[in-house]
Amino acid sequence: MDAARYYGQEDIRVENIEPDEVGPEEVRIDVEACGICGSDLHEYTAGPIFVPGDAPHPVSGAQAPLTMGHEFSGTISEVGSAVTDLSEGDAVAVNPIIYCGECPRCEAGEYHRCESLGFTGLASNGGFAENVVVDAEQAVPLGDMPVEHGALVEPLAVALHAARVADVSPGDSVAVFGSGPIGLCQIQALRVAGAGPIIVSEPRDRRRERAEACGADVLIDPTEEDALEAIRAETGEGVDIAFDVAGVEATYNQAINSTRPGGRVAEVSIFEEGVETQPNDLVIPERELVGSIAYQGGPRSAEEFGMVIDMLEDGRFDPDPLITDRIELDDITDEGFERLIDPDSDQVKILVKP
Ligand SMILES: [Zn+2]
Ligand SMILES: [Zn+2]
């Protein structure tokens with residue numbers, strides 16, 4: 001079968017490989033759609049970061065080259081002999097968390113905080129392929145929604161988890177820095193949580209338009225006006241909670257300084273490099289800074305994924321403003337990765353249809 005394999009920076013090759021075997025507790029999924037994620041782009045431009053480059057991943061045993069893609073959905077085509085709760089033909093989204101099951105955080109049931117945390121499609125073969133084999137517990141049934149929309153469950157779960165980590169309450173004023181793919185999901189998750197006003201700072205015109213379609217109340221173009229002044233003009237003393245979804249020095253510091261004294265900042269980005277910051281911006285106004293990674297996984301794969309699936313089914317989450325194109329596997333580099341890293345492109349979320 002064809003699969004898009006990560007070899008290293010700016011080196012992804014579509015190759016013909018042997019499909020993996022299905023073990024007793026595993027299932028094979030024929031991939032319907034697999035989104036290209038911001039973290040895939042980081043691997044492409046600055047990696048390997050999550051992809052094991054020098055040594056095999058301690059849990060999966062895999063290392064580059066491997067098949068990328070961790071935001072995917074599909075239909076089960078083969079079921080391991082010990083799997084009782086899934087059947088051939090079931091439509092599922094895949095929770096890509098890989099965990100050791102033995103470290104203190106895994107024993108506490110916090111699998112996404114595992115000391116050996118990895119992701120299917122970054123630390124083992126993933127969804128940029130005709131089919132993929134995963135643990136049965138990773139496969140979360142989609143119900144009646146279009147199978148393709150299941151590829152959006154993962155990025156929406158990142159945003160839902162961040163809103164929970166940041167402890168958003170109805171009526172909280174919030175700022176979101178960056179409305180790329182996760183930023184747009186974050187805006188939707190904050191709208192679902194009842195936050196408002198939702199203030200979004202984003203330099204690209206088309207992304208601000210999409211932010212509005214996702215539920216932003218106030219839009220700021222930081223190339224035209226000072227984002228912090230605009231947020232203070234809107235809120236008086238700053239927002240209750242800010243989300244940095246852009247992951248660069250400017251937005252890291254703006255997110256902190258956009259919050260009111262006693263406010264909270266959620267960092268939802270993976271950074272390509274360190275930043276310079278003034279810790280007094282946290283200390284003197286007694287602001288809190290929290291990190292948020294991924295979503296609950298492992299035996300709890302269906303918890304946050306299940307919430308997102310319910311919210312996609314009943315319309316609280318809207319997939320349409322998130323998807324900007326659909327491409328074939330063979331075009332993944334030129335039509336996918338290269339367009340997404342082009343700052344002049346309007347692309348946000350491209351779904352690969354293997
Ligand atoms: Zn992702
Ligand atoms: Zn662990």
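Just so you know, these numbers come straight off a predicted model, no measurement behind them. Every number for a ligand or one of its atoms is a count from 1 in the order of the listing.
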Under a side-chain separation threshold of 4.5 Å, the hydrophobic residues clustered together with Leu282 are Tyr252, Ile256, Val265, Phe271, Val275, Leu289

For the Zn ion (ligand 1), find the closest N/O/S atom belonging to His70 and write down its atom name.
-> NE2

Any ion pair linking Arg287 and Asp281 (charged N to carboxylate O, less than 4.0 Å)?
-> no

Assess the pair Phe177 and Phe243: is the distance between their ring centroids shorter than 6.0 Å?
-> no

The number of protein N, O or S atoms lying under 2.8 Å from the Zn ion (ligand 2) is 4

Hey, could you give me each pair passing side chain to side chain donor-acceptor pair (under 3.5 Å) that has a residue in residues 86-97? Not counting sequence neighbours.
-> none

Between Val218 and the options Ile231, Ile199, Thr235, the side chain to side chain contact (heavy atoms under 4.5 Å, CB included) test singles out Ile199

Do Arg13 and Tyr7 meet the cation-pi criteria used here (NZ or CZ under 6.0 Å from the six-membered ring centre, within 45° of the axis)?
-> yes

Which N, O or S atom name in Glu71 marks its closest approach to the Zn ion (ligand 1)?
-> OE2

What pairs of donor and acceptor atoms, side-chain ones from residues 22-32 against any protein atom, are under 3.5 angstrom apart with sequence neighbours left out?
residue : atom : partner : partner atom : Å
Glu26   : OE1  : Gly23   : N            : 2.7
Arg28   : NE   : Glu78   : OE1          : 2.9
Arg28   : NH1  : Asp20   : O            : 3.0
Arg28   : NH1  : Asn131  : OD1          : 3.0
Arg28   : NH2  : Asp20   : O            : 3.0
Arg28   : NH2  : Glu78   : OE1          : 3.1
Asp30   : OD1  : Ser77   : OG           : 3.0
Glu32   : OE2  : Lys353  : NZ           : 3.3

